[in-house]
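Read through the structure below, which is laid out as structure tokens, and then see the notes.
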Amino acid sequence: MENGAAKPVIVAIDGPSGTGKSSTSKAVAAQLGLSYLDTGAQYRAITWWMVNNGIDTDDPSAVAAVTGKPEIVSGTDPKSPTITVDGVDVAGPIREQDVTSRVSAVSAVPEVRTRITELQRTIASAAVTGIVVEGRDIGTTVLPGADLKIFLTASPEARAARRSGELKGADLNTTREALIRRDAADSGRKTSPLAKAGDAVEVDTTELTLQQVVECVVTLVEEKRAGK
Ligand SMILES: Nc1ncnc2c1ncn2[C@@H]1O[C@H](COP(=O)(O)OP(=O)(O)OP(=O)(O)O)[C@@H](O)[C@H]1O
Ligand SMILES: Nc1ccn([C@H]2C[C@H](O)[C@@H](COP(=O)(O)O)O2)c(=O)n1
């Protein structure tokens, strides 16, 4: 750039549940001084609002009719990301089971995707140094011109073990089945399904520590910035 400031770098990190998108994205963004956006949290936030307002989340037209109502605000500091709905901090409630079990249905509604995608693009374009955006359709749909696209994978067994650890000993098989069900719903929806972009770098995290994944992505970003 003419004034010597580096061009903002846009990094898209996609993949199924439990592959390490959030942990990796936050650490990479913090290490490189970039903003961070958890797009799953936005879909969870709108789902939380639907549940809280008695909307039938299995009825796409009922969901579509009220999609524009809640005001969703994401804080993009990777060291303390935030998410509010109409000014209420929902970081805790959006991780609860009633939201998790409904979020795939709500996020499949095209009107919801249009609204949340617009919000994501606005946030990404305002990031001064750049941003790491994680989700399911970032490289394919939200930011197809991203400088770097990563697609994280891991075996269902590894992902279930990671999640069971978080859920304090939840049954491994039940957790694995729930992950597979959510992946199938997210990959099978008509509008911008979970998918690897053709130009994404796939990183299988099954046998890697979180630190190794972070180092791998940081190296890829630095190589991109250096024009390699
Ligand atoms: N490479 C890794 N090795 C071991 N554990 C990991 C690794 N990456 C992430 N984890 C752990 O796995 C769990 C899930 O990670 P994370 O929340 O980052 O995944 P995610 O892909 O963002 O999931 P979701 O899409 O469901 O939000 C966390 O407890 C995290 O600490
Ligand atoms: N870009 C995105 C991000 C998330 N979703 C949906 C599908 C997921 O099951 C759900 C929750 O995401 P998580 O918090 O587990 O990462 O949100 C989507 O459709 N597109």
> Taking a hydrophobic cluster as the set of Ile, Leu, Val, Met, Phe, Trp and Tyr residues connected by side-chain heavy atoms closer than 4.5 Å, whether directly or through intermediates, do Leu152 and Tyr36 fall within one such cluster?
Replying inline: no

>> Measuring only between side-chain heavy atoms, which start at C-beta, is Leu220 closer than 4.5 Å to Ile150?
In response: yes

>> Hydrogens and angles aside, do Asp89 and Thr84 bring a side-chain donor and acceptor to less than 3.5 Å of each other?
In response: no

> Less than 4.5 Å apart, any side-chain heavy atom of Asp38 and any of Pro81?
Replying inline: no

> Under the side chain to side chain donor-acceptor pair (under 3.5 Å) rule, what pairs show up with a residue in residues 141-159, not counting sequence neighbours?
Replying inline: Lys7-Asp147, Lys149-Asp199, Glu157-Arg176, Arg159-Asp183

> Judged by atom type as modelled, is there a donor-acceptor pair below 3.5 Å linking the side chain of Ser107 to the main-chain atoms of Ser104?
Replying inline: yes

>> One thing to verify: whether Asp171 and Arg163 come together as a salt bridge, which I'm taking to mean a side-chain N less than 4.0 angstrom from a carboxylate O.
In response: no

>> A side-chain contact here means heavy atoms from C-beta on lying under 4.5 Å apart; do Ile131 and Ile10 qualify?
In response: yes

>> Looking at every heavy atom in both Ala45 and Val90, which two are closest together, and how far apart are they?
In response: CB-CG2, 4.3 Å

> Side chains of Arg44 and Thr100: donor-acceptor distance under 3.5 Å anywhere?
Replying inline: yes

> Should Val63 and Val85 be counted in the same cluster of Ile, Leu, Val, Met, Phe, Trp and Tyr side chains packed under 4.5 Å apart?
Replying inline: yes

>> Between Asp137 and Arg113, is the side-chain contact (heavy atoms from CB on, under 4.5 Å) condition met? List the steps.
In response: CA-CA 10 Å; Asp137 62 337; Arg113 299 210 73 81; 3.0 Å; yes

> Would you find a donor on one side and an acceptor on the other, under 3.5 Å apart, between the side chain of Lys21 and the backbone of Pro16?
Replying inline: yes

>> Please check: side-chain N/O of Thr205 versus main-chain N/O of Leu208, any donor-acceptor pairing under 3.5 Å?
In response: no

> Have Thr39 and Glu134 got a donor and an acceptor in their side chains that come within less than 3.5 Å?
Replying inline: no

>> Keeping Arg102 on the side-chain end and Asp98 on the backbone end, is there a donor-acceptor pair under 3.5 Å?
In response: yes

> Is the backbone N or O of Ile55 less than 3.5 Å from a side-chain atom of Asn53, with the two atoms forming a donor-acceptor pair by type?
Replying inline: no

>> How long is the straight-line distance from CZ of Arg95 back to CH2 of Trp48, given to the nearest 0.5 Å?
In response: 14.0 Å

>> Treating Glu222 as the side-chain partner and Thr219 as the backbone partner, does any N or O pair qualify as donor plus acceptor under 3.5 Å?
In response: no

> Hey, any chance Ile180 and Phe151 share a hydrophobic cluster, counting ILVMFWY side chains that come within less than 4.5 Å of each other, even indirectly?
Replying inline: no

> Under a 4.5 Å cut-off applied to non-hydrogen side-chain atoms, are Ser17 and Arg136 in contact?
Replying inline: yes

>> Does Arg225 form a side-chain contact (heavy atoms from CB on, under 4.5 Å) with Val9? I'd like the steps, not just the answer.
In response: CA-CA 8 Å; Arg225 276 177 151 171; Val9 64; 3.6 Å; yes

>> Treating Arg121 as the side-chain partner and Val142 as the backbone partner, does any N or O pair qualify as donor plus acceptor under 3.5 Å?
In response: yes

> Looking at Ala64 and Val109, what are the two nearest heavy atoms and their distance?
Replying inline: CB-CG1, 4.0 Å

> Are any non-hydrogen side-chain atoms of Ile72 and Trp49 less than 4.5 angstrom apart?
Replying inline: no

> Does a side-chain heavy-atom distance below 4.5 Å link Arg115 with Glu111?
Replying inline: no

>> Between Gln42 and Leu37, is the side-chain contact (heavy atoms from CB on, under 4.5 Å) condition met? List the steps.
In response: CA-CA 9 Å; Gln42 296 176 315; Leu37 180 61; 3.8 Å; yes

> Got a donor-acceptor contact below 3.5 angstrom from the Ser125 side chain to the Thr122 backbone?
Replying inline: yes

>> Exactly one of Ile94, Val66, Thr67 should register a side-chain contact (heavy atoms from CB on, under 4.5 Å) with Ile46. Which one does?
In response: Thr67

>> A quick test of your reading: do over 12 heavy atoms of other residues, nucleotides or ligands sit less than 6.0 Å from NZ of Lys196?
In response: yes

> Distance-only, no hydrogens or angles: does the Thr129 side chain make a donor-acceptor pair with backbone N or O of Gly33 under 3.5 Å?
Replying inline: yes

> Stepwise, does the side-chain contact (heavy atoms from CB on, under 4.5 Å) test hold for Met50 with Thr47?
Replying inline: CA-CA 5 Å; Met50 300 279 167; Thr47 302; 5.5 Å; no

> Is there a path from Ile123 to Leu148 through hydrophobic residues (I, L, V, M, F, W, Y) whose side chains come within less than 4.5 Å of each other?
Replying inline: no

> Can you find a side-chain donor-acceptor pair between Arg162 and Ser23 that sits under 3.5 Å?
Replying inline: no

> If two hydrophobic side chains count as joined below 4.5 Å and joins carry through other members, does Ile116 share a cluster with Val106?
Replying inline: yes

